[in-house]
Number of protein chains: 4
Amino acid sequence: MTIQFDQNRPIYLQLMEYFYGKICRFELEAGDKLPSVRETAVEVGVNPNTVSRTYMEMEREKVVISKRGQGTFVTEDQQMINELRERTAEKHIDAFLTVMIQNGFNEEEIMELIQKQLRIINKGGRENE
Amino acid sequence: MTIQFDQNRPIYLQLMEYFYGKICRFELEAGDKLPSVRETAVEVGVNPNTVSRTYMEMEREKVVISKRGQGTFVTEDQQMINELRERTAEKHIDAFLTVMIQNGFNEEEIMELIQKQLRIINKGGRENE
Amino acid sequence: MTIQFDQNRPIYLQLMEYFYGKICRFELEAGDKLPSVRETAVEVGVNPNTVSRTYMEMEREKVVISKRGQGTFVTEDQQMINELRERTAEKHIDAFLTVMIQNGFNEEEIMELIQKQLRIINKGGRENE
Amino acid sequence: MTIQFDQNRPIYLQLMEYFYGKICRFELEAGDKLPSVRETAVEVGVNPNTVSRTYMEMEREKVVISKRGQGTFVTEDQQMINELRERTAEKHIDAFLTVMIQNGFNEEEIMELIQKQLRIINKGGRENE
DNA sequence: GTGGTCTAGACCACA
DNA sequence: GTGGTCTAGACCACT
């Protein structure tokens with residue numbers, strides 16, 4: 001469960017993406033309790049302050065809610081989660097296509113390269129089954 | 001020719017991507033001279049030191065060569081440019097697919113969402129014709 | 001601990017060599033923390049930016065790792081350090097022999113002149129005991 | 001006869017070393033005429049100004065003499081040439097030993113590594129015979 | 001005019 | 001307190 005952190009980007013952001021991933025994949029569902037700040041800190045091996053910041057940011061985006069003395073929970077608002085998933089996808093697709101086009105790749109090339117990469121991923125994935 | 005800089009990421013990196021874009025789109029070809037540090041600085045409205053750093057980083061990656069008293073040039077090595085283009089594509093595709101899968105999107109969804117976004121972009125593009 | 005800087009060569013390079021020397025002599029070992037940018041700057045009497053550049057270059061060569069908010073550390077990879085030591089030696093020996101041969105010195109002359117110089121150094125060293 | 005220039009060091013210095021090498025190897029002897037600035041410039045592919053500077057520096061060090069309208073000549077003073085050879089050797093040996101010791105290599109290691117490198121060079125050299 | 005280096009001083013995000 | 005980035009302005013060597 002250790003995460004490979006990219007030292008060039010804020011750890012709290014990468015940790016956010018990690019939790020958002022879990023929520024978007026429905027590993028963490030509406031209302032579920034997140035592990036405590038300390039637990040997470042130990043588990044992923046970062047400073048508790050950093051985890052705390054992660055939780056604060058997610059709360060600011062209304063994806064989680066912290067209840068004093070009880071812990072931090074995924075929002076009950078399923079609509080919110082669906083939106084998170086959609087926004088996330090759109091943001092990444094948009095950024096991806098923008099940068100690819102800016103680098104002179106056309107639609108055909110982009111689709112082809114993605115297909116190719118997906119085949120590689122699928123092959124690698126199967127080996128681990 | 002003005003660039004919209006994202007305040008959250010280093011300017012020198014964004015400037016690198018700008019030039020790499022030009023090279024990948026073959027707007028700047030092997031052996032071409034880049035504008036001087038000072039010219040670029042004025043043009044994009046940043047400090048010459050920042051441009052200098054951009055050029056240095058690109059030189060470290062062997063995409064450009066700086067010659068004292070002469071200027072900075074795109075590498076003569078066409079192979080290097082092709083690699084740049086491939087590496088760029090692979091890096092972005094990889095990161096994109098990783099994050100999408102991490103967020104629980106499967107192949108079909110990913111391909112579909114990209115197609116949808118491409119249609120929107122094309123429609124937007126045509127309006128400008 | 002003050003360093004005599006050669007005015008004709010970049011300070012940041014000489015500072016790199018200074019730290020590489022410490023690492024090759026095992027005064028700084030794998031995982032050790034380097035003094036902070038600001039500390040080093042004060043100690044050797046140069047601008048923090050210059051020290052920063054030194055640390056950046058060493059990080060680029062994977063000899064040290066900078067961790068935001070924590071400091072800069074010698075790599076944990078002992079293999080890397082051994083390689084640094086070997087590369088350093090090879091680089092200097094190679095350059096030295098190349099230039100000596102280019103100046104028309106043969107093997108015997110080179111070995112003899114080194115022996116002679118080593119005797120002088122040893123004599124000088126003993127005087128300081 | 002093309003020279004591999006290290007872009008990080010002044011070309012005029014590298015060109016000086018090239019000529020000093022020829023003189024120390026007695027390929028250019030006392031009183032010999034150097035090729036004209038233009039000839040050299042064309043031959044090694046650098047700006048005539050750069051060659052001009054090289055010749056000026058060598059004249060400043062009294063190793064060559066330029067005679068107006070006639071060209072540039074190696075000094076007639078054989079003593080000067082011998083000193084050049086010795087000074088060159090001493091300078092390089094001194095710098096070399098200093099840096100090796102600074103990097104924690106002891107006498108035995110240094111001598112051994114040089115012997116090893118010389119064997120490699122000799123083997124490589126023979127292949128070209 | 002060109003890139004390379006350095007200083008001084010500032011601000012920021014991270015831990 | 002830590003490194004990272006940026007600006008402003010300066011000087012230098014090379015072409």
Side-chain angles (χ1 to χ4, degrees), chain A residues 5-15 41 45-54 56-57, chain B residues 5-15 33-41 44-59 64-73, chain C residues 5-15 33-41 44-59 64-73, chain D residues 5-15 41 45-54 56-57:
Chain A
F5 288 114
D6 171 1
Q7 278 293 353
N8 295 320
R9 288 172 54 228
I11 290 176
Y12 82 91
L13 269 183
Q14 298 178 60
L15 211 48
V46 302
N47 193 299
N49 288 331
T50 307
V51 180
S52 185
R53 171 142 192 204
T54 304
M56 273 171 48
E57 293 289 331
Chain B
F5 288 115
D6 170 0
Q7 280 297 354
N8 296 320
R9 288 172 55 231
I11 292 175
Y12 80 92
L13 275 183
Q14 298 179 59
L15 209 47
K33 186 176 177 303
L34 271 61
S36 80
V37 168
R38 290 159 174 87
E39 273 178 325
T40 302
V44 304
V46 301
N47 190 285
N49 282 328
T50 305
V51 178
S52 189
R53 171 142 192 209
T54 301
Y55 283 19
M56 268 175 44
E57 299 284 340
M58 293 195 294
E59 184 169 22
V64 307
I65 300 174
S66 291
K67 298 182 187 170
R68 290 199 277 190
Q70 297 185 49
T72 303
F73 303 81
Chain C
F5 288 115
D6 170 1
Q7 280 296 355
N8 296 320
R9 290 172 53 230
I11 292 175
Y12 80 93
L13 275 183
Q14 297 179 59
L15 211 46
K33 186 177 177 302
L34 271 63
S36 81
V37 169
R38 290 160 175 88
E39 272 178 324
T40 300
V44 302
V46 302
N47 190 285
N49 282 328
T50 305
V51 179
S52 188
R53 172 140 192 212
T54 302
Y55 284 18
M56 268 175 45
E57 299 284 339
M58 293 195 295
E59 184 169 22
V64 306
I65 300 174
S66 292
K67 297 182 186 170
R68 289 199 278 190
Q70 298 185 49
T72 303
F73 303 82
Chain D
F5 288 115
D6 172 0
Q7 279 292 351
N8 296 321
R9 288 172 55 228
I11 291 176
Y12 81 93
L13 269 183
Q14 298 179 60
L15 211 47
V46 303
N47 193 299
N49 287 331
T50 307
V51 179
S52 186
R53 172 144 192 203
T54 303
M56 272 171 50
E57 294 287 332

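Naming convention: chains lettered A, B, ... in sequence-line order (proteins, then strands); numbering from 1 in each chain.
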If you look at every strand shown and take non-hydrogen atoms under 4.0 Å, does Asn49(A) touch a base, only sugar-phosphate, or nothing?
nothing
In Å and rounded to the nearest 0.5 Å, what is the OG1 to NZ distance from Thr72(B) to Lys67(B)?
10.0 Å
Only one of Met58(C), Met56(C), Glu57(C) passes side chain to side chain contact (heavy atoms under 4.5 Å, CB included) with Thr54(C); say which it is.
Met58(C)
Taking atom C1' of dT2(F) as reference, at what distance in whole Å does atom NZ of Lys33(C) sit?
8 Å
Look at all strands and tell whether Arg38(C) reaches a base, only sugar-phosphate, or nothing, counting heavy atoms closer than 4.0 Å.
base
Winner on side-chain proximity to Asn47(C), out of dG3(E), dA8(E), dC6(E), is dA8(E)
Shortest non-hydrogen contact between Val46(C) and Phe5(C), atoms and distance
CG1-CE1, 4.0 Å
dT5(F), dC14(E), dT2(E): which one has an atom nearest the side-chain heavy atoms of Tyr12(B)?
dT5(F)
Shortest non-hydrogen pair, Gln14(C) vs Arg9(C), comes out as NE2-O, 2.6 Å
Which nucleotide wins on minimum distance to the side chain of Val37(B), given the candidates dA13(F), dG3(E), dG4(F)?
dG3(E)
Would you please confirm or rule out a distance under 4.0 Å between OP1 or OP2 of dG3(E) and any side-chain N or O of Thr72(B)?
yes
Side chain of Ser36(C), heavy atoms from C-beta onward: which of dT5(E), dT2(F), dT5(F) has the nearest atom to it?
dT2(F)
Distance, rounded to the nearest Å, where Leu34(C) contributes CG and dT2(F) contributes C1':
13 Å
Starting at atom CG of Leu13(B), determine the distance to atom P of dT5(F), rounded to an integer number of angstrom.
7 Å
What does dA8(F) pair with, Watson-Crick or G-U, if both distances are under 3.5 Å?
dT7(E)
Winner on side-chain proximity to Thr50(D), out of dA13(E), dT15(F), dT7(E), is dT15(F)
Side chain of Tyr55(C), heavy atoms from C-beta onward: which of dA13(F), dG3(F), dC6(F) has the nearest atom to it?
dG3(F)
At less than 4.0 Å, is any side-chain N or O atom of Arg53(B) found next to OP1 or OP2 of dC6(F)? Yes or no.
no
If I take atom CG in residue Asp6(D) and atom C1' in nucleotide dG3(E), what distance separates them, rounded to the nearest angstrom?
15 Å
Who is the Watson-Crick or G-U wobble partner of dA13(E), with both distances under 3.5 Å?
dT2(F)
Of all heavy-atom pairs linking Val64(B) and Tyr55(B), the shortest is CG2-O, 3.8 Å
Residue pair Gly69(B)/Lys67(C) against DNA chain F: nearer the 5' end by closest nucleotide is Lys67(C)
Rounded to the nearest Å, what distance is computed from the CZ atom of residue Arg9(D) to the P atom of nucleotide dG3(E)?
22 Å
Between CG of Leu15(B) and C1' of dC6(F) the distance, given in whole Å, is 13 Å
Identify the heavy atoms of Val37(B) and Val51(B) that sit nearest to each other, and give their distance.
O-CG1, 3.7 Å
Atom CD of Glu59(B) to atom P of dT2(E): distance rounded to whole Å?
17 Å
Between atom CE in Met56(B) and atom P in dC6(E), what is the gap in whole Å?
11 Å
5'-most contact on DNA chain F: Gln70(B) or Pro35(C), nearest heavy atom basis?
Pro35(C)
